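Encoded as C-alpha cells, the structure appears first; notes follow it.
Naming: A, B, ... by sequence-line order, numbering from 1 per chain. Just so we're clear, the structure is a prediction, and the values are computed from it rather than from any experiment.
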Number of protein chains: 2
Amino acid sequence: MEKLREALRERGSRLTPQRLAIYEHLRDTKSHPSAETIYGELKARYPSLSLNTVYQTLQVLDEIGLAQKLPVESREARYDGNATGHAHLICLECERIWDIDGEALPAVSEIDRQAEKKGFKVVRNQVQVYGVCPDCQAKGR
Amino acid sequence: MEKLREALRERGSRLTPQRLAIYEHLRDTKSHPSAETIYGELKARYPSLSLNTVYQTLQVLDEIGLAQKLPVESREARYDGNATGHAHLICLECERIWDIDGEALPAVSEIDRQAEKKGFKVVRNQVQVYGVCPDCQAKGR
DNA sequence: TATCTAATTAGTTGTTATTCCTATTACTGC
DNA sequence: GCAGTAATAGGAATAACAACTAATTAGATA
Ligand SMILES: [Mn+2]
Ligand SMILES: [Mn+2]
Ligand SMILES: [Zn+2]
Ligand SMILES: [Zn+2]
C-alpha cells in the first residue's frame, strides 16, 4: 500500500479507496482478470464502484508500473499485477492464464537482444503461448 | 494459388476472386496489414468488395493455416501471410510491424518447450517486442 | 480542525472494430 | 440449363472501451 501511495504521489495522483481496492485485488490474485471481472468481484464490497473507474485505475496502475495490460486474442484485455516481463500460457478453451516462470526468461531476453540488434529501442514484450491446458485436455476426451 | 485452392477444397470451400485477391495481397506484402487496410488497398481493383468479405476471408485463411491473425496492443488486429511461428517487432509510434527472423527462432521454441513441460498442448504463440523503430527514434530527436 | 481546490468518481453517452443478419449472386454437379 | 449450396455485399447490431460532465472527495494549507 505504501508502494502504491508513493508511486501515485510521484505522478501527482491521489490514493483513493477504489484505487487501493483494485491494486490489492490484482496483487492478491493469480488469475489475470479482465476489467469487467475485477468490477464484478469488487462490486459486492464497493457497491458504488463504476466500471469506468476500473478502466481508469487499471490504466493508471499500468502507467506507474504496478500492473500491466495483456492484449490477448479474446476481445477483452486481461490485467496482471506483476508488471515484470514474463511469459504467459493461455488456454484457448477455458481462457485461463498462467505465468511461465524462470526458465523461459533467457529465451525472452534473447529475443529482445535480436530486436536491439536491429536498432530497435525495446520498451516491453508480450510473450504468449496459446494452447490447451491439462484440465481441458482431460475434459476434451 | 494451387496451394490455396487445395486447402480450400479440403475444407469444402470455394476459391473465389475475393479470396484469391486477399491471399495474394497478404502473400506479397511484408507490412502485416489490418483488415481495413487490405480492404482499402484492394477496393480500387475490386470495387464491389466488401469489408465484411475481407474479415470472413481472413478468418478462413487463418483456419486453413495460410495466414495468421496478430492481436496487438492497438485496437485493430493485423494479419500475416506467414503463418509459421515467428517473433514480431512492433513500433509503438508508427505502428509498423517487422519480423524477427533467424536467430530468435530457437528462443521461441524454447518457450514452447517450457509450456509443454507444464502439460500444455501448444497450438501457437505470439511473441511481440514493442518499442521504437530506428526511423521514429531519429524523428523523435 | 475547517477550508479550499484540483483530482477523482459515477453515470452516461460516444466511438469503432468486429460480428451478425439477410437478400442477392455465383459456383458446381447433375 | 437447373437445383442446391456457399459466398458476397450492404447494412444493422454488438461490445469493449474512451470521452464527457456534474457531483464528490483527498489531502494540502492555514
Ligand atoms: Mn502474469
Ligand atoms: Mn510476420
Ligand atoms: Zn483450459
Ligand atoms: Zn516507428
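Of the candidates B:K43, B:E36, B:E41, B:Y39 forms a side-chain hydrogen bond (donor to acceptor under 3.5 Å, both in side chains) with just one, namely B:K43.
In this entry the distance linking CG of B:L61 with C1' of D:dA7 reads 14 Å, nearest Å. Here C:dT9 presents its C1' atom at 15 Å from CD of A:Q59, a figure rounded to the nearest Å. The distance from atom CZ of B:R9 to atom C1' of D:dA7 is 17 Å, rounded to the nearest whole Å. Between A:L4 atom CG and D:dG27 atom P the separation is 10 Å, expressed in whole Å. B:E76 has its CD atom 16 Å from the C1' atom of D:dA18, to the nearest Å. For A:R5 and D:dG27, the CZ to C1' distance is 9 Å, given to the nearest whole Å. Distance CD (B:E63) to P (D:dA7): 11 Å, rounded to an integer number of Å. For B:E73 and C:dA17, the CD to P distance is 17 Å, given to the nearest whole Å.
Electrostatic pairing of A:D62 and A:R124 does not count as a salt bridge here, judged by no charged N lying under 4.0 Å from a carboxylate O. A salt bridge links B:D135 with B:R96: the closest approach of a Lys/Arg side-chain nitrogen to an acidic carboxylate oxygen falls below 4.0 angstrom. A salt bridge is absent between B:E116 and B:R113; no separation between the charged side-chain nitrogens and carboxylate oxygens falls under 4.0 Å.
Using bins of under 30°, 30° to 60° and over 60° for the plane-to-plane angle, the ring pair A:W98/B:F120 lands in the perpendicular bin. B:H88 and B:H32 have perpendicular rings, their planes meeting at more than 60° on a 0 to 90° scale where under 30° would count as parallel.
Surrounding NZ of A:K3 are at most 12 heavy atoms belonging to other residues, nucleotides or ligands under 6.0 Å away.
In this model, no donor atom of one side chain and acceptor atom of the other lie less than 3.5 Å apart for B:R14 and B:T16. A donor atom on one side chain and an acceptor atom on the other are found under 3.5 Å apart for A:N125 and A:D112.
Listed pair A:R75 / D:dT14 fails the phosphate criterion, with no side-chain N or O lying under 4.0 Å from OP1 or OP2. A sub-4.0 Å separation between OP1 or OP2 of D:dC17 and a side-chain N or O of A:Y55 is present. Using a 4.0 Å cut-off, no side-chain N or O of A:Q56 falls inside it from OP1 or OP2 of D:dC17.
Residues from residues 13-34 of chain A lying near DNA chain C, meaning a heavy-atom separation below 4.0 Å, are A:S13, A:R14, A:T16, A:Q18, A:R19 in numerical order. Sorted by residue number, the members of residues 35-52 of chain B with any non-hydrogen atom under 4.0 Å from DNA chain C read B:N52.
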